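Input: a single structure, listed below in structure tokens.
Keep in mind the model is a prediction, meaning the values are calculated, not measured. Throughout, protein chains are lettered first and strands after them, A, B, ... in sequence-line order, and every chain is numbered starting at 1.
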Amino acid sequence: MSILRKNFFERSTPKVARELLGKFLYFKLSGRTAKFVITEVEAYDGPYDKASHAHRGKTKRNAPMFGEAGVWYVYLVYGMYNMLNIVTGPKDYPAAVLICGIKLLRSPTPKLHFGSPTPDLNGPGKLTKFLKIDRKFNNKKAIPKNNLWIEDKGVKIKKSQIKTSPRIGVDYAGEWKEKHYRFYL
DNA sequence: ACGATGATGAAC
DNA sequence: TTCATCATCGTA
């Protein structure tokens with residue numbers, strides 16, 4: 001058993017983000033389970049990160065970021081895209097990792113038509129639209145019971161496979177926009 | 001380069 | 001109660 005739990009997520013956010021690459025996202029739909037590999041993530045780390053929702057303090061929306069690690073934080077941007085994040089760091093330290101890219105490895109049902117056999121879902125808005133992940137998952141633990149969780153299958157990712165860059169769409173974040181908090185394979 | 005589309009948070 | 005803004009994406 002290799003389900004990633006609180007102890008994995010309750011650490012330095014950039015470290016967790018980097019280590020999430022090559023881990024597996026599972027999504028259960030009507031009894032069947034789809035498996036994806038995580039290919040792109042972004043770290044949003046702490047109260048001083050100007051790109052983070054937590055920068056202006058705790059609000060109703062960002063409250064999950066201040067809670068226990070290993071819990072989903074899902075919110076709507078631009079009126080149409082749900083963003084899927086996993087909460088990181090200690091309780092009361094607001095941080096999360098945005099899941100930006102995944103690749104489908106196994107389809108949940110033959111019936112459920114995913115278009116391409118192994119679609120590359122590159123973009124945080126695309127993957128949630130594809131999976132129909134919305135705020136029903138907000139503030140829910142990442143465990144099988146909730147139909148959305150992450151596993152470590154022991155696949156080793158070499159450092160040379162990991163690229164970094166500034167985060168996307170946060171040009172307003174001053175000096176924080178330069179930080180290499182985006183990690184991708 | 002821009003519009004779609006609606007929740008959010010700050011100001012009034 | 002109003003208003004600008006927004007961790008995006010598809011079309012042009």
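- For C:dA7, the base is stacked against the aromatic ring of A:Y44, per a cut-off of 5.5 Å between centres and 30° between planes.
- With hydrogens and angles left out, the side chain of A:Y81 and the base of C:dA7 share no donor-acceptor pair within 3.5 Å.
- Note on A:G125: only backbone sugar-phosphate atoms sit closer than 4.0 angstrom, heavy atoms only; bases stay farther off.
- Ring pair A:Y26/A:W149 is parallel by interplanar angle, where below 30° counts as parallel and above 60° as perpendicular.
- In this model, no donor atom of one side chain and acceptor atom of the other lie less than 3.5 Å apart for A:T128 and A:N82.
- Across all non-hydrogen atoms, the minimal contact from A:V87 to A:G67 is CG1-O, 3.9 Å.
- For A:Y172 and C:dA7, the shortest distance from a side-chain N or O to OP1 or OP2 is below 4.0 Å.
- Within the nucleic acid shown, A:M80 comes within 4.0 Å of at least one base atom, counting heavy atoms only.
- Within residues 57-69 of chain A, the residues approaching DNA chain B are A:T59, A:R61, by heavy-atom distance under 4.0 Å.
- Proximity note for A:V170 (side chain, C-beta onward) versus B:dA10, C:dA7, C:dT8: the nearest is C:dA7.
- Proximity of A:H53 to the phosphate of C:dA7: a side-chain N or O atom is located under 4.0 Å from OP1 or OP2.
- For the segment residues 176-185 of chain A, the set of residues with a heavy atom within less than 4.0 Å of an atom of DNA chain B is empty.
- Of the listed nucleotides (B:dT8, C:dA7, B:dG6), B:dT8 has the atom at the smallest distance from the side chain of A:R135.
- Of the candidates C:dG10, C:dT8, B:dA7, the closest approach to any side-chain atom of A:K126 belongs to C:dG10.
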